[in-house]
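Taking it in order: structure first as structure tokens, then the write-up.
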Amino acid sequence: MTEKPHVSGSYWLRTAPGGAARPALEDDLDVDVAVIGAGVAGLSTAWELARAGRSVAVLEAGRVAAGVTGHTTAKLTALHTLKYDKLRRTRGTEGARLYARSQTEAIEHAAEVVAELGIDCDWESRSAYTYVCDAGRVDELRAEAAAAKEAGLPASFVTETGLPFPVAGAVRVTGQAQFHPRKYLLALAEDLVARGGRIFEHTTVHGLDEGTPCRVSTGTGATVTARDVVVATHYPIFDRALLFARLSPRRELVVAGNIGTDRDPDGMYITPDEGTRSVRTAPLDGESGDRLLVVTGEHFTPGTGDTRERFDRLSAWAHDHFPGVDLTYAWATQDIDPTDTVPMVGPLHPGAHHTYVATGFGGWGLSGGMMAGRLLTAQITGEECAWSGLYDPRRLRTAVREAPALLKLQAEVAGHFVGDRLRPAPPVDSLPPGEGAVVRVGGDRLAVHRDDAGTLHAVSPRCTHLGCLVSFNAAERAWECPCHGSRFDTDGKVIEGPATKPLERRDI
Ligand SMILES: Cc1cc2nc3c(=O)[nH]c(=O)nc-3n(C[C@H](O)[C@H](O)[C@H](O)COP(=O)(O)OP(=O)(O)OC[C@H]3O[C@@H](n4cnc5c(N)ncnc54)[C@H](O)[C@@H]3O)c2cc1C
Ligand code: FES
């Protein structure tokens, strides 16, 4: 029997599919600031800059808010699983305080924007919880609650939650929020354009010439000239400070479905147990009062392992822990973990004067992306920001502490670069419909996918970023690179960077 992809697409994209279609960039343009990428980080930055009186152009390879931001869980919280106990050890009490304040102010600011612009984005105030069921981890949670409180959050250790199963302990932070990320960002895009900002979709950026002014070149052939450039492409497509040595991609799965009217666990939950499980609900469209349960988990390096089995495990967990849930959605997306766990927001490299980056949100890029928008706007307009140093991508202070994580990451990348080339290649005839593999044909390796009709599609297996070998994800029908997370469709087109060029088509 033909195996169908496990994915149905994101609920957020299904329920807010539209937004005005934006043109591709056709003619050269001159602006104060060019922002590359229209996810939460890029759009928040562009909007803040337009509000500060700058002329802005946003260049987006796909559609607005349809990248990671269109596939997220959309909790807006400063409680980031287990962050503060580690932060106070690595960045001191002041570093932990600045982190809490920067994230909290970003969320409060978003609430003000929602009110000011009258955005209908299902904004709901909720408590956020990090919980464990394993009694052996309770001390860790108590330490996290104490550190989060010391950092200034309304945090406490509790043993009762709204979950329909017992927990050994939890950190609770009150006054957090959840929302519909795409409804929020489509409204922000609309307001940006009303303020004179320009947004170009289907415009892939390929080149950046740093100078006075900077020049950004695009796949359409048109160029944008700008005093300042912000690289908000999730994984940075320009990396002149070898940031990729400190960033690792992490793919995660999401399943969602109707939980009815009266089984809402009334809160936003995450546990580091079982390879992470994250839970929230959202109002289902319609008048019924039904709630959508959204469950996230099963994180892994893109291009490794069997994603279908992982979807099955996550769905089984959702059914076991929330009996009666009717799962109808499944999708996947990925975020980037920095080796020292703090996002990188600020100048692109040590010699940069007018180029900036926002990346490495470690699973918390909604508050992080909103924070980045305000931080980069302050830097571009020449204002002080108390947390510039904390998020500075050029930071070296933590380099020694980071060393073990950095070495581990580089060893993994080297393992993929060399080891994946030694993998035995299956014969092409053995590929069933829906599958793909790196095979040997003659003396060449080819990445080959057999579609449902039996037709073979062949592309080069060498990732166009830095040359690692891609692997096939059968659940999502995509080629994925384990080194830095680039993803390509079955004909080699880029779905997700840092690669900006397609895998070369090959004849078979
Ligand atoms: C499963 C999961 C759940 C999550 N849940 C939460 C949560 O509950 N709360 C939270 O705070 N965070 C959460 N996160 C993290 C958060 O979703 C991300 O950190 C955030 O959305 C990243 O935003 P971004 O703007 O950096 O990236 P994106 O939204 O991916 O935007 C980048 C944009 O750049 C464009 N682009 C890329 N290359 C080019 C190019 N060459 N030219 C032009 N454009 C380009 C892309 O098309 C894309 O639209 C979650 C992450 C995952 C994986
Ligand atoms: S994403 Fe860097 S080599 Fe593929």
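Any value given below was found using the heavy atoms of this structure, including those in side chains, with hydrogens, waters and symmetry copies removed. One-based numbering, in listed order, for ligands and for the atoms of each.
Cation-pi geometry between R277 and Y269 is not satisfied (NZ or CZ under 6.0 Å from the ring centre, within 45° of the ring normal).
Annotation: atom 1 (C) of ligand 1 to nearest protein heavy atom, T296 CG2, 3.4 Å. Looking from atom 52 (C) of ligand 1 to the surrounding protein, the closest heavy atom is T333 CG2, 3.8 Å.
Heavy atoms of Q334 found under 4.0 angstrom from ligand 1 belong exclusively to the backbone. Within the 4.0 Å heavy-atom criterion, the part of T500 lying near ligand 1 is the side chain and not the backbone.
Close N/O approach between A74 and ligand 1 is found [any backbone or side-chain N/O within under 3.5 Å]. At least one N or O atom of V40, backbone or side chain, sits closer than 3.5 Å to an N or O atom of ligand 1. When only interatomic distances are considered, the shortest N/O to N/O separation between A61 and ligand 1 falls below 3.5 Å. An N or O contact shorter than 3.5 Å links T72 to ligand 1 by distance. In terms of N/O distances under 3.5 Å, ligand 1 is not approached by E252. Note: no N/O pair closer than 3.5 Å links H71 and ligand 1 by distance alone.
Counting only heavy atoms from C-beta outward, the side chains of V224 and R215 never approach each other to under 4.5 Å.
Between G497 and ligand 1 there is no heavy-atom distance shorter than 4.0 Å. A heavy-atom separation below 4.0 Å is not found between L76 and ligand 1.
Applying the side chain to side chain donor-acceptor pair (under 3.5 Å) test to R22 and every residue at least two apart in sequence or in another chain returns E190.
Residue-and-atom listing of protein N/O/S atoms under 2.8 Å from atom 4 (Fe) of ligand 2, sorted by chain and number: C463 SG, C481 SG.
Under a 4.0 Å N-O distance rule, the pair K86/E144 does not qualify as a salt bridge.
Under the 30°/60° scheme for interplanar angles, the aromatic rings of Y99 and Y391 are found to be tilted.
Residue D335 has at least one heavy-atom neighbour below 4.0 Å for each of these atoms of ligand 1: 15 (C), 18 (C), 19 (O), 53 (C).
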